[in-house]
Amino acid sequence: MAERIGIATEVYGRLERGNMLPSVPTFRKLCAVLALSADEALGLTTENPIPWTPPPPSPEVSEPAELRRLLRRARQLDRNSLRVLSLVAAHLGQKNG
């Protein structure tokens with residue numbers, strides 16, 4: 001699939017696992033290769049729901065606001081800062097565990 005849409009297999013793997021979103025041109029290529037409309041791929045049609053699309057999380061299962069803020073900030077960090085954050089989190093987990 002990665003070759004068919006012209007992206008690296010590593011990037012496609014991240015897309016497939018939900019770790020990143022495709023650019024608009026990549027999304028268009030995905031839709032063309034999969035013979036889906038953009039609405040279908042985004043789950044905006046009710047006629048043919050995509051079976052592999054997970055249902056939206058219910059409100060009681062959603063992540064706390066503090067965790068969402070932390071994740072947003074962590075996504076902006078460079079590799080070294082992210083490594084430090086991971087070490088701090090591991091240390092804090094040991095103290096609380």
Side-chain angles (χ1 to χ4, degrees):
M1 181 61 79
E3 289 178 17
R4 291 177 72 187
I5 60 174
I7 62 173
T9 54
E10 295 82 11
V11 173
Y12 183 75
R14 282 186 247 145
L15 291 171
E16 202 171 48
R17 289 187 299 276
N19 294 335
M20 67 180 289
L21 295 173
S23 65
V24 172
T26 299
F27 179 68
R28 291 183 70 189
K29 290 176 190 175
L30 277 168
C31 290
V33 168
L34 295 172
L36 292 172
S37 72
D39 284 350
E40 289 174 310
L42 293 171
L44 299 176
T45 61
T46 55
E47 299 167 5
N48 299 318
I50 301 171
W52 65 81
T53 306
S58 59
E60 62 273 1
V61 178
S62 65
E63 298 170 332
E66 296 85 2
L67 182 56
R68 291 193 308 267
R69 278 193 297 274
L70 178 61
L71 288 172
R72 266 195 314 270
R73 290 180 182 139
R75 287 186 185 106
Q76 297 171 351
L77 297 175
D78 61 38
R79 176 179 239 155
N80 289 331
S81 298
L82 195 54
R83 189 174 294 129
V84 171
L85 179 61
S86 178
L87 291 171
V88 169
H91 181 73
L92 290 173
Q94 289 174 356
K95 281 185 168 184
N96 295 328

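A 4.5 Å side-chain heavy-atom check between Leu34 and Glu40 finds every atom pair outside the cut-off. Residues Ile7 and Leu15 meet the side-chain proximity criterion, which asks for heavy atoms closer than 4.5 Å.
In this structure, the separation between SG on Cys31 and CG on Asp39 is 9.5 Å, given to the nearest 0.5 Å. Taking CG of Asp78 as the reference point, atom CD of Gln76 lies at 11.5 Å (rounded to 0.5 Å). Distance check, rounded to the nearest 0.5 Å: OG1 of Thr26 to OH of Tyr12 gives 11.5 Å. How far CZ of Arg68 is from CD of Glu66: 8.5 Å, rounded to the nearest 0.5 Å.
By the side chain to side chain donor-acceptor pair (under 3.5 Å) test, Arg83 is found to be paired with Asn80, residues two or more places apart in sequence or in another chain being considered. Partners of Ser86 according to the side chain to side chain donor-acceptor pair (under 3.5 Å) rule, which considers only residues two or more places apart in sequence or in another chain, do not exist here.
Hydrophobic clustering (side-chain heavy atoms under 4.5 Å, transitive across Ile, Leu, Val, Met, Phe, Trp, Tyr) keeps Val11 apart from Val24. Under the 4.5 Å side-chain heavy-atom criterion for grouping Ile, Leu, Val, Met, Phe, Trp and Tyr, Leu82 is not connected to Met20 through any hydrophobic cluster. Under the 4.5 Å side-chain heavy-atom criterion for ILVMFWY residues, no single connected hydrophobic cluster contains both Val84 and Leu77.
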